[in-house]
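Reminder, nothing fancy here: chain letters follow the sequence lines and each chain counts from 1.
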Protein chains: 2
Amino acid sequence: MANSPTGDSVTDRLVRVLETFTPTRTVQTAAEIGRRAGLPSSTAHRVVGDLVAAGLLDRDGDGRVSVGLRLWALATRSSHALRMRQAALPAMERVQARVREHTQLAILEQDEALFLERLSHPEAGANITRIAGRLPLHAASSGLVLLAFADRAVQERVLTRPLRRLTAATPTDPATVRRTLAEVRRLGHVIAPGYVDVVSTGVAVPVRDAAGRATAALSVVLPREAPTALALEELRGAARAVERALGAG
Amino acid sequence: MANSPTGDSVTDRLVRVLETFTPTRTVQTAAEIGRRAGLPSSTAHRVVGDLVAAGLLDRDGDGRVSVGLRLWALATRSSHALRMRQAALPAMERVQARVREHTQLAILEQDEALFLERLSHPEAGANITRIAGRLPLHAASSGLVLLAFADRAVQERVLTRPLRRLTAATPTDPATVRRTLAEVRRLGHVIAPGYVDVVSTGVAVPVRDAAGRATAALSVVLPREAPTALALEELRGAARAVERALGAG
DNA sequence: TTCGGACTCCCGTTCAACGGGAGTTCGCTC
DNA sequence: GAGCGAACTCCCGTTGAACGGGAGTCCGAA
């Protein structure tokens with residue numbers, strides 16, 4: 001029946017189906033989903049029907065479906081993301097007001113940096129990241145602090161896999177990244193010029209828990225050659241504020 | 001096998017499991033989940049294990065589990081909630097800066113008002129609603145505008161079911177609510193004194209689509225006897241801004 | 001009118017999920 | 001430290017729900 005050799009439970013497939021949706025592809029037909037998830041047509045239609053019935057997908061006027069609000073409502077029961085966001089927002093607003101550039105909050109998820117929140121500044125330039133967007137840990141400034149203060153196991157896993165190059169400046173040599181991580185641990189911050197986007201520099205600091213691990217990263221995206229001192233100072237203060245808020249909450 | 005008589009697919013059960021989590025109960029043991037979802041012990045443990053493997057639940061140090069970040073990441077592929085939130089946030093920030101009270105964004109979901117976002121004001125009092133929280137449509141000011149500009153079918157469904165009383169002031173007579181809805185349609189806003197919480201008054205306006213239906217509601221929570229004129233004016237402006245942003249986006 | 005794609009329905013096959021039950025671990029109480 | 005209960009894991013025979021090939025419908029484009 002299942003032609004796929006490795007573990008393919010109903011739950012796995014559900015996740016696969018949901019993952020066919022991306023920020024730029026938010027509505028699809030059942031047939032498209034089936035093709036992308038590798039399901040036979042009749043199965044795809046049945047599964048999509050089930051998910052619509054359960055409210056995890058919404059069917060619009062025509063046959064097209066999108067990820068359902070129900071799922072959003074269920075997901076917000078995720079205490080971690082929500083609590084982190086709540087704890088960080090006030091501090092992020094302060095940073096953004098002073099630095100007047102994009103201010104971001106990211107966490108480590110599935111060996112990538114997942115951006116939970118972003119405050120944009122109208123005067124600031126364009127920005128690649130978006131809420132719920134992801135970037136590789138070795139490239140984004142947020143990712144580097146997350147990685148620097150993560151479990152050794154995560155570091156090994158990430159560094160033994162090929163490191164994707166986003167720009168000419170992206171470090172893709174594991175040894176280089178290792179040196180950067182050591183430096184990050186020493187300084188408590190990272191400055192990543194052009195790693196993600198040639199015209200901008202990311203500045204990031206960790207939000208750490210009692211055990212010293214980074215539970216999140218706060219970052220600011222500056223123009224490539226802009227001074228970083230103010231951003232760094234603000235981020236440090238914000239990180240401490242978030243740590244206090246998490247401890248208190 | 002399935003002892004439950006009515007439709008009980010794997011997907012349904014997955015949703016039931018996730019729904020055992022609430023904003024105040026964000027971590028549970030597998031056994032607790034099983035009890036609350038009405039599953040036999042061995043099944044509960046197996047199912048929870050599967051969900052953890054799929055990343056939809058996270059297991060912490062001990063045996064306890066919480067809703068996984070993975071789910072959050074999947075859910076944010078829900079274009080509707082995310083786009084609405086993005087479109088509304090700037091306008092909400094303006095309202096909050098001027099009115100200096102809790103400012104909220106809600107949408108209609110599963111015949112309830114689902115709060116997508118809330119900006120709290122430190123000077124403002126306590127507030128019942130929370131992000132991802134829900135309130136009945138006939139009680140919350142947001143709910144009333146959502147209901148007033150919703151499909152007739154939704155209105156009938158809601159009004160033919162018993163209307164829950166939250167405070168002495170909550171309207172629970174369908175005829176009264178109908179009159180209120182007509183009024184809301186005429187005025188384009190609603191003022192709900194004490195319906196949800198005796199000490200506060202909700203003021204809400206609809207964000208409408210091209211067809212005139214409410215796609216969301218913006219609201220402000222004021223102290224019970226506070227003047228509402230400023231809030232109303234700000235909300236109206238904000239709603240128009242959100243409508244423009246949605247149209248442009 | 002034909003063609004192709006999206007979708008629905010049907011139905012025989014089959015295997016993965018089911019859950020009872022036994023066993024293990026842990027922490028608490030007396 | 002014996003006894004107890006709860007949480008959890010593992011095993012395994014049963015079975016019915018999910019599977020998916022295939023045929024049929026609908027619709028729009030060529």
| request: With sequence neighbours excluded, tell me which residues meet salt bridge (charged side-chain N to carboxylate O under 4.0 Å, His left out) with R178(B). | output: E156(B)
| query | Minimum heavy-atom separation for L137(B) to E112(B), with atom names? | reply | CD2-C, 3.6 Å
| remark: Here the residues of residues 39-49 of chain A within 4.0 Å heavy-atom distance, strictly under, of DNA chain D are P40(A), S42(A), T43(A), R46(A)
| query | How far apart are the closest heavy atoms of L166(B) and R164(B), and which atoms are they? | reply | CD2-NH1, 3.5 Å
| task | Return each pair, listed once, that meets salt bridge (charged side-chain N to carboxylate O under 4.0 Å, His left out) where at least one residue sits in residues 139-151 of chain A; pairs must be two or more places apart or across chains. | result | D151(A)-R213(A)
| said: Whole angstroms only, please: what is the CZ-P distance between R13(B) and dA17(C)? | reply: 10 Å
| request: Report yes or no: do Q28(A) and T20(A) form a side-chain donor-acceptor pair below 3.5 Å? | output: yes
| said: Would T172(B) and R165(B) count as a side chain to side chain donor-acceptor pair (under 3.5 Å) here? Give the steps. | reply: CA-CA 6 Å; T172(B) 56; R165(B) 174 182 301 286; 3.2 Å; yes
| field | Minimum-distance pair of heavy atoms, taken over all atoms of D58(B) and L69(B) | value | OD2-N, 3.4 Å
| task | Mind listing the closest non-hydrogen atom pair of F21(A) and S66(A) along with its distance? | result | CE2-CA, 3.7 Å
| query | How close or far is atom C1' of dA6(C) from atom CG of D60(A), stated in whole angstroms? | reply | 14 Å
| field | Exam field: side chain R185(B) to backbone A148(B), donor-acceptor pair closer than 3.5 Å | value | yes
| said: Distance check needed: dA17(C) P versus D12(B) CG, whole Å only. | reply: 16 Å
| request: For the residue pair L18(A) and L71(A), establish whether any side-chain heavy-atom pair is separated by less than 4.5 Å. | output: yes
| the helix from dT1(C)-dA30(D) to dC30(C)-dG1(D): angle between end helix axes, five pairs per end, rounded to 10 degrees | 40°
| task | Assign a letter to each nucleotide of nucleotides 25-30 of chain D from its 5' end: B, base within under 4.0 Å of a protein heavy atom; S, sugar-phosphate only; -, no contact. | result | ------
| message | What is the distance, to the nearest angstrom, from the CG atom on L14(A) to the P atom on dC19(D)? | response | 11 Å
| note | Note: A204(B) and V145(B) closest approach over all heavy atoms is O-CG1, 3.6 Å
| field | Spacing of D50(A) atom CG relative to dC9(C) atom P, expressed in whole Å | value | 13 Å
| said: Please give me every residue in residues 27-35 of chain B whose heavy atoms get under 4.0 Å of an atom in DNA chain D, ordered by residue number. | reply: T29(B), A30(B), A31(B), R35(B)
| query | Do Q104(B) side-chain atoms and L119(B) backbone N/O form a donor-acceptor pair below 3.5 Å? | reply | no
| request: Determine yes or no for a side-chain-to-main-chain donor-acceptor pair under 3.5 angstrom, with E117(B) supplying the side chain and L105(B) the backbone. | output: no
